[in-house]
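Everything on this sheet refers to the single structure shown next.
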Amino acid sequence: MAGGELKLLGAWLSVWVCRVRIALHLKDLSYDYVEEDLENKSDLLLASNPVHKKVPVLIHDSKPISESLVIVQYIDEAFAGNGSPLLPADPHERATARFWAAYIDDKLVAAWLQAFRGKTDEEKLEGTRQLLVVVETLEGALRECSKGKPFFSGDSVGFLDVMLGGLLSWLHGTKALCGVEFFDATKTPLLLAWAERFGALDAAKATLPDVGEVVEFAKTRRAKEAAAEAEAAAAKN
Ligand SMILES: N[C@@H](CCC(=O)N[C@@H](CS)C(=O)NCC(=O)O)C(=O)O
Ligand SMILES: *[C@@H]1O[C@H](CO)[C@@H](O)[C@H](O)[C@H]1NC(C)=O
């Protein structure tokens, strides 16, 4: 088992940071958590992730690792002796898990953001339409990956569960923020049951932010952005 000091640079609202915290919890690893002010980033963050300047960054024995997808795989490899592996052993199953993780990062996030902050009502509507397609596609992915078991990875939580699970508080806020339910008993019963099961895990309860706080934060930020845009438009005239 690899040892060493672990420090995580994060932000409480970040779904990407949540992924890493969930993985660290599942592997029973203790770490120093540093909350970053994203409006005023620390020198450590700027030096550790000079390319993107984003959280999460995991620093293991002074060596930084960035990008949630990369970090979670790193944790799985560097601490292989802790708990059960997150990624499956079979190369094709590993590839499938990574494929769906990329789908979540590309398609799900793009549709969600468009539904949340499209510039016009039409743009938002198109976002919610895309979101519904994404959710049904993910329902199919869960059906295929889980093969009737409780998680994407089967009997226990794995890589893809962590990848989607990190987003859980925000996904529960979808109705309040985007106007459509993400988890729907009729359309996506498997995902709905998965979300309940995942949310009940210690690793989720200990790491995921409160849904109400996330929704409040997002609404406030959206209102501030709208006010700034209106001000900029008024200044032009
Ligand atoms: N693809 C990255 C996304 C990370 C990301 O977008 N982090 C946001 C916080 S939610 C951030 O640090 N933003 C600061 C900025 O863009 O200046 C990952 O998976 O880790
Ligand atoms: C930015 O952070 C530094 C130290 O991390 C602090 O001294 C400074 O007051 C902060 N500035 C603002 C505007 O919050």
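Atoms within each ligand, like the ligands themselves, are counted from 1 in listed order. Quick note: numbers below take in every heavy atom, side chains included, and nothing from hydrogens, waters or symmetry partners. These numbers were taken from a predicted model, which means no experiment stands behind them.
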Return the residue, atom name and 0.1 Å-rounded distance of the protein heavy atom closest to [atom].
| atom | answer |
| --- | --- |
| atom 2 (C) of ligand 1 | Glu67 OE1, 3.3 Å |
| atom 13 (C) of ligand 2 | Asn40 ND2, 4.3 Å |
| atom 10 (S) of ligand 1 | Ser14 OG, 3.4 Å |

Option set Asn49, Leu45, Val55, criterion heavy-atom distance to atom 8 (C) of ligand 1, minimum: Val55
Closest to atom 13 (N) of ligand 1 among Glu36, Lys54, Glu39 (heavy-atom distance):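 It is Lys54 whose heavy atom sits nearest to atom 13 (N) of ligand 1.
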Ligand 1-proximal atoms of Lys41, by part, heavy-atom distance under 4.0 Å: side chain
Sub-4.0 Å heavy-atom contact, Pro56 with ligand 1: yes
Atom 2 (O) of ligand 2 touched by protein heavy atom at under 4.0 Å: yes
4.0 Å protein heavy-atom contact status of atom 9 (O) of ligand 2, strictly under: no
Ile71, Thr207, Ile75 screened by side chain to side chain contact (heavy atoms under 4.5 Å, CB included) with Leu24, the one that passes: Ile75
Polar side-chain atom of Glu181 near backbone of Thr174 as donor-acceptor pair, under 3.5 Å: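 No; judged by distance alone, with no hydrogens or angles, the pair does not exist.
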Min N/O separation Ser68 to ligand 1 under 3.5 Å: yes
Verify same cluster id: Phe99, Leu86 (apolar side-chain graph, 4.5 Å):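 Yes, it is one cluster - the side chains of Phe99 and Leu86 are joined through contacts under 4.5 Å.
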Stacked cation flag Arg21 on Tyr33, 6.0 angstrom / 45 deg: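 Yes - Arg21 lies over the ring of Tyr33, closer than 6.0 Å to its centre and within 45° of its axis.
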Sub-4.5 Å side-chain heavy-atom contact between Lys119 and Glu229: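 Of all side-chain heavy-atom pairs linking Glu229 with Lys119, at least one is under 4.5 Å.
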Nearest heavy-atom neighbours spanning Pro209 and Cys18: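 It is CD-SG, 3.6 Å.
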Those atoms of ligand 1 less than 4.0 Å from some heavy atom in Trp16: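 In order of numbering, the contacting atoms are 3 (C), 4 (C), 5 (C), 6 (O), 7 (N), 10 (S), 18 (C), 19 (O), 20 (O).
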Modelled atom types, side-chain donor and acceptor of Ser42 and Glu36, under 3.5 Å: yes
Between Gln130 and Glu126, a side-chain donor and acceptor under 3.5 Å: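 Result is yes, a qualifying pair exists.
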